[in-house]
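Okay, structure first, notes after.
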Amino acid sequence: MQLDGIHHITCITADARGNVDFYARVLGLRLVKKTVNFDAPDVYHLYYGDERGAPGSILTFFEFPLAARGRAGVGMIHRLRWRVGSDDALGFWAERLAREGVQFDESTGDQRALAFRDHEGLGLELAVVETDDEPLSAAADGIPAEHALGGFDGVRAYSASPSEEERLLTEQLGFAMTAPASYLLKGGQRHATYTHDEPPAAVGIQGAGTVHHIAWCDRDTDHEAWDERLAQIGMHPTPIIDRQYFLSIYFREPRGVLFEFATPSPGFAIDEEPEHLGEQLRLPPRYEHLRDQLEQRLTPLENPRAKTVRP
Ligand code: ZN
């Protein structure tokens, strides 16, 4: 069984409108699904990605409108890293993000990278990465195709004792250790990096601008076997859960980061046409009877793409 890089990363926002503006307009990701939190349907679950919403490109946000600003601490992912194609692309993004008043961070040590934060403080990074992986990009107004984000490269997490995770990652999940506290997941089609950093002294708080979990992409045919294996090695996985666009298993790795394994199928075109992804509120069948009520209650969102981009 082999994991195939990142499937999606899920974070928390208190501001769905600002979130769509930042990720769809400023960063140029495609809003590929506008749905609700399946465990609490009165708030949004927004999905961004490349043109198709391919695994490896998907960033999702739960909206909790009253959530206080969180902060990343031990056992939490604190930075998401996307690939871009060239140093010219980094130059383009430095200029575009500065024009948007985005807050930049000190470099994470990588010369060919740009570290910054979204409007709620979530740590982000764009990096030029040597890879054979196919770029996973979306078309967006004002962003030349050659500079578009090309899918996730990986994440950085805070861990006080990374050796505890080392065995799980390398012996059970198929990651290779490339440097102390740095791992590479070399999938059949996609690669992903997972890096541990020394945690800050302050304890982490889950809230707006923090990462909720990371999902690794498994294969449709392996999903059940993973659930069994994770149970055998004491990870206490959930049963397989139907998330409408993929099947999921969740468990906490030893330092507390919530991991999910998600299948590539059926994907985001299961309930709307590929050319109209993300345009209408989509609800799973069990919440369809709440549609009128939810449409009244949810903050109306303006998708920048609906107005301008028609690739
Ligand atoms: Zn998930």
Side-chain angles (χ1 to χ4, degrees), residues 3-13 16 19 23 29-41 43-50 52-64 67 70 72 75-82 118 122 124 136 151-157 173 185 187 190 192 194 206-220 222-224 226-227 230 235-253 255-271 277-278 282-284 286-287:
L3 295 173
D4 215 1
I6 292 169
H7 185 287
H8 65 267
I9 301 168
T10 293
C11 310
I12 296 171
T13 180
N19 194 259
Y23 288 95
L29 301 176
R30 182 175 185 186
L31 181 64
V32 293
K33 195 64 64 183
K34 188 162 65 168
T35 183
V36 293
N37 184 336
F38 289 3
D39 301 321
V43 291
Y44 278 122
H45 192 183
L46 303 173
Y47 288 75
Y48 305 90
D50 71 350
R52 297 173 295 137
S57 74
I58 305 161
L59 171 65
T60 98
F61 282 86
F62 291 131
E63 181 203 18
F64 292 110
M76 291 169 75
I77 290 168
H78 66 90
R79 191 169 296 276
L80 320 183
R81 178 176 160 109
W82 283 275
D118 80 358
L122 179 61
L124 307 173
L136 303 173
F152 284 121
D153 184 61
V155 295
R156 304 184 77 96
L173 305 187
L185 179 59
R190 296 200 74 75
Y194 191 69
Q206 187 98 82
T210 63
V211 176
H212 188 268
H213 65 267
I214 184 165
W216 306 100
C217 189
D218 67 10
R219 293 176 177 168
D220 298 320
D222 289 346
H223 204 59
E224 260 184 75
W226 272 118
D227 208 28
L230 291 166
M235 288 296 123
H236 308 289
T238 62
I240 293 172
I241 299 173
D242 184 350
R243 291 301 187 194
Q244 181 87 351
Y245 311 108
F246 42 85
L247 296 175
S248 295
I249 301 164
Y250 301 84
F251 64 100
R252 255 178 223 285
E253 56 78 69
R255 300 311 305 169
V257 180
L258 184 57
F259 275 10
E260 175 183 350
F261 285 6
T263 55
S265 300
F268 293 99
I270 190 178
D271 60 0
L277 292 179
R282 309 309 306 185
L283 297 172
R286 69 179 187 278
Y287 294 139

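We use all heavy atoms of the structure for the numbers below, so side chains are in, but hydrogens, waters and symmetry mates are not. Order of listing sets the numbers, starting from 1, for every ligand and every atom in it. Heads up: numbering here begins at 1 and tracks the sequence.
- Here the rule is ring-ring contact (aromatic ring centres under 6.0 Å, His included) with Phe261, and of Tyr250, Trp216, Trp226 only Trp226 fits it.
- Formation of a donor-acceptor pair under 3.5 Å by the His7 side chain with backbone atoms of Thr263 is found in this model.
- Protein N/O/S atoms closer to the Zn ion (ligand 1) than 2.8 Å number 3 in this structure.
- Listed by first and then second residue, the salt bridge (charged side-chain N to carboxylate O under 4.0 Å, His left out) pairs involving residues 257-268 amount to none (not counting sequence neighbours).
- Stacking of Arg282 on the aromatic ring of Phe268 is not recorded, the 6.0 Å distance cut-off and the 45° axial limit not both being met.
- Residues satisfying the salt bridge (Lys or Arg N to Asp or Glu O under 4.0 Å) test with Asp242, not counting sequence neighbours, are none.
- With sequence neighbours excluded, the residues satisfying salt bridge (Lys or Arg N to Asp or Glu O under 4.0 Å) with Arg30 are Glu51.
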